Amino acid sequence: MVIVQSIHGNLEPFQVVENRYSLKVTVHAESIKTIEINGYPSFKPPPGRTYQRLSRAAGSSKRSLSKSKDLSAQNALLHQHLETVSTEATRIGQDSLRRIEHLRNGNGRWKRRLRMPQHAEMLERINQLNILRESVPPSALTRAATRAARFEACIG
């Protein structure tokens with residue numbers, strides 16, 4: 001936007017110069033017509049610096065206007081490109097957010113699926129330990145605990 005405002009701000013002086021030049025050319029053409037209509041020979045430019053100065057100013061004005069139009073065209077193209085890139089970036093951002101949300105939802109499902117076998121496995125171990133405890137007499141457990149305590153006392 002700043003570039004557009006800057007170029008539009010720079011165009012005004014060129015447009016003023018172009019309007020002045022167009023007016024001078026129109027007045028000049030009218031005076032030539034008037035002279036030719038009255039039977040005078042065609043108008044020849046006055047010799048000297050005045051004509052050269054006017055000629056240079058007109059050429060400079062045309063070049064400046066041409067350059068200004070080129071800059072305006074480039075600016076329009078850049079603005080269009082910026083809009084395209086901005087739209088594409090927005091679309092990519094929205095796609096990324098959707099994918100992240102999808103992954104989050106999928107992650108929760110995998111965690112639930114993983115927990116189910118873990119719970120089942122833990123319950124199975126508990127059942128096995130209960131069966132083992134019921135099958136071994138209490139005196140054997142006491143003897144095993146006493147041996148383990150003695151062994152640790154010897155090592156430690």
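Just so it is clear, the values below take in all heavy atoms, side chains as well, and ignore hydrogens, waters and symmetry mates. Computed from a predicted model, the values in this text were never measured in an experiment.
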Between the CG atom in Leu82 and the CG atom in Asn75, the distance rounded to the nearest 0.5 Å is 10.0 Å
What residue among Gln118, Arg125, His119 forms side chain to side chain donor-acceptor pair (under 3.5 Å) with Glu121? Arg125
Count the heavy atoms belonging to other residues, nucleotides or ligands that lie under 6.0 Å from CD of Gln128, then report whether that count exceeds 12. yes
Could you note down all residue pairs passing salt bridge (charged side-chain N to carboxylate O under 4.0 Å, His left out) where residues 80-90 supplies at least one of them, sequence neighbours left out? Glu88-Arg91
For the atom pair CD1 (Ile126) and CD1 (Ile131), what is the distance rounded to the nearest 0.5 Å? 12.0 Å
Which residue in the set Ile92, Thr90, Leu97 passes side-chain contact (heavy atoms from CB on, under 4.5 Å) when paired with Gln94? Thr90
Side chain proximity check, Leu77 to Gln74, heavy atoms < 4.5 angstrom: no
Please check if atom CZ in Arg98 has more than 12 non-hydrogen atoms from other residues, nucleotides or ligands closer than 6.0 Å. yes
Using the test side-chain hydrogen bond (donor to acceptor under 3.5 Å, both in side chains), find all partners of Arg104 that sit at least two apart in sequence or belong to another chain. none
In Å, rounded to the nearest 0.5 Å, how long is the span from CE of Met122 to CG of Asn127? 12.0 Å
